[in-house]
Amino acid sequence: MEEMTASEREEHNAEGTGVLPRAEIVRDEHPLSLGKTSVWNQYFQESEIVEQIDRDVKRTHPEMEFFNGDSSDSLSNQESLKRILTIFAKLNPGIRYVQGMNEVLAPLYYVFKNDPDQSQAALAEPDAFFCFVELLSGFRDNFCKQLDNSVVGIRSTITTLSQLLRRHDEELWRHLEVVTKVNPQFYAFRWITLLLTQEFQFRDCLSLWDTLLGDPEGPQATLLRVCCAMLILVRRRLLAGDFTANLKLLQNYPPTNIDHILHIANKLRGPLPF
């Protein structure tokens with residue numbers, strides 16, 4: 001030991017304790033590294049995602065015992081939602097987890113978990129995961145921030161909704177976007193990204209989703225027709241309102257008969273404007 005240089009003694013001591021010598025720690029393996037390939041940076045990012053998922057899952061439909069009760073079943077349901085969202089985030093690094101995905105997952109998991117066949121209900125978690133992946137495959141561009149300004153991003157989708165309203169009710173379109181300056185992003189962003197799960201009662205959402213997922217034209221086109229129908233249904237109140245009144249109305253959509261909305265939406269069938 002006396003004949004060793006200082007660096008040799010440091011390396012020898014490190015080998016004896018199982019600690020990696022400081023000189024051998026590359027930049028991307030340093031705990032404070034911000035590099036994209038840094039395992040530490042990836043670890044911290046994943047930890048933040050898991051924490052966000054945990055917070056959002058606990059806020060999922062607080063009025064429902066199924067999601068937010070104190071029973072073991074409720075806690076088990078929360079854990080299932082967390083696992084599904086966490087695995088999805090890991091398998092889709094381009095999107096990861098976006099706040100609100102828990103609201104999109106909730107109806108799927110609820111339906112599978114309440115299957116009358118207990119053998120099928122026991123498979124609710126993998127079944128919901130598979131359907132969640134399939135559902136988001138058609139809407140994933142709306143969640144990808146890098147595509148916001150592209151022809152397939154959320155802003156383009158909102159523009160399509162605006163043009164659809166202009167085609168079917170130009171007077172209402174002009175009053176909203178020209179006269180009162182109500183930008184459709186103020187209300188349609190949540191409508192589209194969360195598939196209207198926040199605008200109606202949970203049971204009504206299940207009925208609405210039956211149409212969204214079963215329509216042969218696909219869920220995206222059907223969703224935009226439903227959103228347009230929602231605007232037309234309250235047109236008299238919108239035409240009489242100013243910016244503040246209209247924004248409040250559309251951000252807190254009034255209780256409405258879902259069958260009536262779907263009836264109006266069905267009348268709007270036709271190629272989407274681009």
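Residue indices begin at 1 and follow the sequence shown.
- Considering every non-hydrogen atom in both L224 and T160, the closest pair reads CD1-CG2, 3.8 Å.
- Put simply, the side chain of S74 gets close to the backbone of E65: a donor and an acceptor are under 3.5 Å apart.
- Summarising the geometry of Q118 relative to D115, their closest heavy-atom pair is NE2-O, 4.1 Å, with the distance given to 0.1 Å.
- The number of heavy-atom neighbours closer than 6.0 Å to CZ of F243, taken from other residues, nucleotides and ligands shown, is above 12.
- Between the side chain of S80 and the main chain of S76, a donor-acceptor pair closer than 3.5 Å is present.
- The main-chain N or O of L108 is never found under 3.5 Å from a side-chain atom of W209 such that the two would form a donor-acceptor pair.
- Following chains of ILVMFWY side-chain contacts shorter than 4.5 Å, one cannot reach V179 starting from W173, and the two form parts of different hydrophobic clusters.
- For the side chain to side chain donor-acceptor pair (under 3.5 Å) test, residues two or more places apart in sequence or in another chain that qualify with E217 are R225, R269.
- With respect to E199 and R190, a salt bridge is recorded, a charged nitrogen being found less than 4.0 Å from a carboxylate O.
- Here the straight-line distance linking atom OG1 of T60 with atom OH of Y110 works out to 14.5 Å at 0.5 Å rounding.
- A 6.0 Å sphere centred on CG of N114 holds more than 12 heavy atoms belonging to other residues, nucleotides or ligands.
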field: Residue pair Q251, Q198: steps toward the side-chain contact (heavy atoms from CB on, under 4.5 Å) verdict
entry: CA-CA 10 Å; Q251 289 185 342; Q198 298 297 288; over 6 Å; no
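- Put simply, F130 and Y109 are part of two different groups of oily side chains (I, L, V, M, F, W, Y) that touch within less than 4.5 Å, one to the next.
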message: Apply side-chain contact (heavy atoms from CB on, under 4.5 Å) to residues H263 and D259 and explain how you reach the verdict.
response: CA-CA 6 Å; H263 175 71; D259 291 335; over 6 Å; no
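- In Q120, the CD atom is crowded: over 12 heavy atoms of neighbouring residues, nucleotides or ligands sit closer than 6.0 Å.
- The two atoms that bring L194 and G100 nearest to each other are CD2-O, 3.4 Å, heavy atoms only.
- Closest non-hydrogen pair, I84 versus E125, comes out as CD1-O, 3.6 Å.
- Connection of V133 to I87 is established within a shared hydrophobic cluster, with ILVMFWY side chains joined at heavy-atom distances below 4.5 Å, either directly or through further cluster members.
- Side-chain N or O atoms of N266 include none that pairs as donor or acceptor with a backbone N or O of L262 at under 3.5 Å.
- Using a distance-only test at 3.5 Å, with no hydrogens or angles considered, a donor-acceptor pair links the side chain of N257 to the main chain of H260.
- Residues L206 and Y253 fall within the same hydrophobic cluster, defined by Ile, Leu, Val, Met, Phe, Trp and Tyr side chains chained together at heavy-atom separations under 4.5 Å.
- Contact record, F200 with M230: CZ-CE, 3.7 Å, taken as the closest heavy-atom pair.
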- prompt: L250 and W191: side-chain contact (heavy atoms from CB on, under 4.5 Å), yes or no, with the steps?
  reply: CA-CA 10 Å; L250 296 177; W191 289 9; 4.1 Å; yes
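- In plain terms, the two heavy atoms of V178 and K181 that are nearest each other are O-CE, 3.3 Å.
- Taking CD of E171 as the reference point, atom CG of L165 lies at 11.0 Å (rounded to 0.5 Å).
- Looking at S137, its side chain does come within 3.5 Å of a backbone N or O of E134 through a donor-acceptor pair.
- In this structure, the separation between CG on D56 and CG on L85 is 8.5 Å, given to the nearest 0.5 Å.
- Considering CD1 of I53 and CD of E48, their distance stands at 12.0 Å, rounded to 0.5 Å.
- With hydrogens and angles ignored, the 3.5 Å screen pairs no side-chain donor or acceptor of N77 with any backbone N or O of F67.
- With values rounded to the nearest 0.5 angstrom, L231 atom CG is found 6.5 Å from L176 atom CG.
- No continuous path of ILVMFWY side-chain contacts below 4.5 Å connects V104 to F112, so the two sit in separate hydrophobic clusters.
- Using cut-offs of 30° and 60° on the angle between ring planes, the pair F202 and H61 is perpendicular.
- The main-chain N or O of P254 is found under 3.5 Å from a side-chain atom of T256 such that the two form a donor-acceptor pair.
- Side-chain N or O atoms of H175 include one that pairs as donor or acceptor with a backbone N or O of G241 at under 3.5 Å.
- Between the side chain of T193 and the main chain of F189, a donor-acceptor pair closer than 3.5 Å is present.
- Residue Q220 holds its CD atom at 9.0 Å from CG of L195, rounded to the nearest 0.5 Å.
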task: Please lay out, stage by stage, how Q78 and N68 fare under the test side-chain contact (heavy atoms from CB on, under 4.5 Å).
output: CA-CA 8 Å; Q78 287 188 11; N68 265 289; 3.5 Å; yes
